[in-house]
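Working notes, beginning with the structure itself.
Heavy atoms only: backbone and side chains are in, while hydrogens, waters and symmetry mates are out.
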Amino acid sequence: MNSLLRPPLPGPSLCARSRVSPSPAVGRLGSAALVGGGRRCRRGLAVAASAAPSWMEEAGVAVLEEGGRWNPSVSDSYRPAELPRPNATVLEAQGRVCTGPEQTRPLGEDQAMRVLDTILRSAMGELKEEPVSSAQLGAFFAGMTIRANSFPGATQWSEGERRAMSIFWPRLVQVLPPEVKFIADPEGTIMGSNGLTGPRYVGQGTGEMRLVGALREVLAGGHLGYEEVQCVLKDILPIGSNSSSTVVSEALLAAFLIGQRMNRETDRELKAYCLAFDDELGPPPVADVKSLTHYGEPYDGNTRFFRSTLFVAAVRACYGESCLLHGVEWMPPKGGITEGQMLKFMGANIHLSPTQAKTLLEDENAGFAYLNLQEACPPLYSIIGLREHIKKRPPLSTTEKVQQFVRARGRESMIAGFYHEGYEDPLLMLMRRRTVHAGLVVKGEEGALSMTTKERSAHASKGLPVNHCSGFRTPNSINSSETDGIARESFRVIVNAQELGFESTETPRTDRSILKNLELGLAALGGEKGAAYDRIVLNATMADHLLGCSGAEDINTALERAREAIDSGKALRRLMSYIKISHKVAQS
């Protein structure tokens with residue numbers, strides 16, 4: 001038990017074995033194409049308990065059959081058609097050079113020559129079908145500059161990169177726009193006599209001038225203050241033709257965003273990104289609920305494994321744990337399955353205002369809500385296309401998971417997923433800054449929130465294991481800290497599902513198929529026992545227990561409560577009700 005739940009909340013021992021869910025094979029669910037989906041759904045949604053009402057089966061079948069008529073079933077299809085695609089050759093190079101001091105992989109001479117030749121031909125107007133975008137130029141050259149200025153020797157420029165740049169830069173300097181030449185050599189110290197634009201460059205207009213000043217520090221490997229980052233963001237976002245903000249070069253904005261991530265953001269920089277647009281729509285509405293959990297799933301979704309959070313929210317809402325989900329339909333770099341895609345496929349209205357989400361949270365037949373970033377924070381939504389062109393995740397990919405678009409009169413908690421070491425403590429810091437009563441960060445599968453019931457292999461990779469959790473909660477003891485008027489105790493645990501009575505099962509694969517993910521989730525909410533059912537129960541229970549929710553002090557009681565919400569049909573009924581109510585609130 002050394003790996004499980006230390007320190008536990010007061011209550012009976014966690015060693016007691018809970019009832020094990022049978023784990024029949026679930027490979028048949030969603031294994032075929034959309035054609036014939038009704039028959040497949042009918043098998044998958046067969047109710048396990050003979051006493052279960054037939055509406056549970058019929059509801060899932062009808063929703064998926066109707067969704068398949070109007071919506072694509074693969075996550076890639078939700079990419080907005082109007083977004084221009086990045087140049088693939090340069091994007092591949094960005095994946096190597098626009099990352100951290102230890103993760104960067106310098107380009108070999110052949111690849112560097114190919115990339116710079118592509119940039120040159122694009123700047124000369126020769127690549128009409130697949131030009132290198134302004135954002136790509138900004139991100140690529142920002143990566144090269146920061147590596148030259150501040151990275152350790154192993155990840156600075158390779159000899160091949162130096163030779164390629166010495167050949168191409170004299171020609172590039174003749175055709176690149178001035179802001180890109182500034183990014184490539186801001187102080188005239190990298191490109192020699194061909195790098196004289198950078199020291200003199202100031203930008204155009206007040207907002208761009210402020211951005212250029214901040215970029216000089218970032219490109220040198222330095223950091224910015226809280227107010228400096230906030231001022232830059234508020235000056236330049238949202239972007240787009242309908243924006244009233246200052247028009248700035250996308251090259252400069254891309255360089256700024258990827259540069260801050262490469263330099264490993266400080267706490268004050270992350271706080272600035274997190275809080276910059278809190279007042280964009282005015283004070284957040286306050287829901288009259290006793291408990292509200294804000295779910296911070298990675299916005300770019302899952303590409304391989306079952307994503308359980310939507311179904312977990314429906315389960316927890318059954319016993320008064322209201323849940324607010326937020327995200328987008330599609331987000332780079334993964335472009336995977338999201339809650340927005342699943343709800344849209346089922347026919348729900350996914351374009352609600354925060355006030356309408358508040359109404360859903362308060363509705364006794366719903367109790368959870370989903371907010372799209374397009375309505376919740378338009379400035380951040382405006383740069384989805386630009387984020388695809390910078391390739392790597394910017395600071396916003398961390399801070400967007402810690403948003404508070406609706407408040408609660410009662411207790412508030414936050415959960416966020418993470419993958420890379422180094423972001424566990426910053427996420428918890430941001431949650432504390434939100435003054436919530438409890439916070440939890442989870443290293444779930446794919447860096448998302450879903451904990452697994454699969455037993456950890458003895459040959460698992462190094463680093464924090466899947467099911468690693470850490471957080472804070474309102475204490476039941478005096479060993480706690482209080483910095484903002486809310487006393488909290490901290491914890492750090494690894495959840496071992498076998499010690500809680502679950503059999504080890506492989507996580508169901510969905511491989512970008514929204515239909516497969518929904519079939520698995522709806523079958524589980526319909527009562528079918530198996531891997532998806534167990535994961536929904538596990539994740540609902542551990543959220544309740546680790547966040548210190550009422551009635552979850554005893555983990556075995558919490559497990560039974562989650563199972564009862566599913567087996568009674570209450571969770572599925574709430575999900576089906578949500579689809580209808582989401583349209584009604586938009587009409588009122």
Is a donor on one side and an acceptor on the other found under 3.5 Å between the side chain of [X] and the backbone of [Y]?
{"X": "Glu375", "Y": "His351", "answer": "no"}
{"X": "His294", "Y": "Leu324", "answer": "no"}
{"X": "Gln341", "Y": "Glu329", "answer": "yes"}
{"X": "Asn372", "Y": "Gly340", "answer": "no"}
{"X": "Asp185", "Y": "Thr189", "answer": "yes"}
{"X": "Asn467", "Y": "Thr452", "answer": "yes"}
{"X": "Gln356", "Y": "Ser353", "answer": "yes"}
{"X": "Ser397", "Y": "Pro394", "answer": "yes"}
{"X": "Ser382", "Y": "Ile239", "answer": "yes"}
{"X": "Glu269", "Y": "Gly225", "answer": "no"}

Using every non-hydrogen atom in the two residues, find where Ala408 and Val286 come nearest and quote the distance to one decimal.
C-CG1, 3.8 Å
Looking only at non-hydrogen atoms, find the nearest pair between Cys469 and Val495 and report the distance.
SG-CG2, 4.1 Å
Measuring from [X]:[atom1] to [Y]:[atom2], what's the distance to the nearest 0.5 Å?
{"X": "Glu421", "Y": "Lys443", "atom1": "CD", "atom2": "NZ", "result": "6.5 Å"}
{"X": "Leu253", "Y": "Ile383", "atom1": "CG", "atom2": "CD1", "result": "6.0 Å"}
{"X": "Leu215", "Y": "Thr145", "atom1": "CG", "atom2": "OG1", "result": "10.0 Å"}
{"X": "Ile146", "Y": "Thr155", "atom1": "CD1", "atom2": "OG1", "result": "11.5 Å"}
{"X": "Thr338", "Y": "Arg307", "atom1": "OG1", "atom2": "CZ", "result": "6.5 Å"}
{"X": "Phe151", "Y": "Thr99", "atom1": "CZ", "atom2": "OG1", "result": "7.5 Å"}

Mind checking whether Glu280 and Pro379 have side chains closer than 4.5 Å, heavy atoms only?
yes
Test item: Phe141 and Leu176 side chains (from C-beta on) under 4.5 Å apart, heavy atoms:
yes
So does Glu102 have more than 12 non-hydrogen atoms from other groups sitting under 6.0 Å from CD?
yes
Between [X] and [Y], is any side-chain donor less than 3.5 angstrom from a side-chain acceptor?
{"X": "His223", "Y": "Thr266", "value": "no"}
{"X": "Ser413", "Y": "Arg411", "value": "yes"}
{"X": "Glu445", "Y": "Ser450", "value": "no"}
{"X": "Thr398", "Y": "Arg261", "value": "yes"}
{"X": "Tyr295", "Y": "Glu339", "value": "no"}

Regarding Arg316 and the six-membered ring of Phe368, is the cationic atom NZ or CZ under 6.0 Å from the ring centre and inside 45° of its axis?
no
Against Glu388, only a single residue in Arg393, Lys334, Arg79 fulfils salt bridge (Lys or Arg N to Asp or Glu O under 4.0 Å); can you say which?
Arg79
Output, in order, the C-alpha distance, side-chain angles, deciding distance and verdict of side-chain hydrogen bond (donor to acceptor under 3.5 Å, both in side chains) for Glu250 and His389.
CA-CA 10 Å; Glu250 289 195 358; His389 285 240; over 6 Å; no
May I ask you to decide if the ring planes of Tyr299 and His326 are parallel, tilted or perpendicular, using 30° and 60° as cut-offs?
perpendicular
For the residue pair Phe306 and Phe311, categorise the inter-ring angle as parallel (less than 30°), tilted (30 to 60°) or perpendicular (more than 60°).
parallel
What I want to find out is whether Asp278 reaches Arg434 closely enough, with some N-O distance under 4.0 Å, to be called a salt bridge.
yes
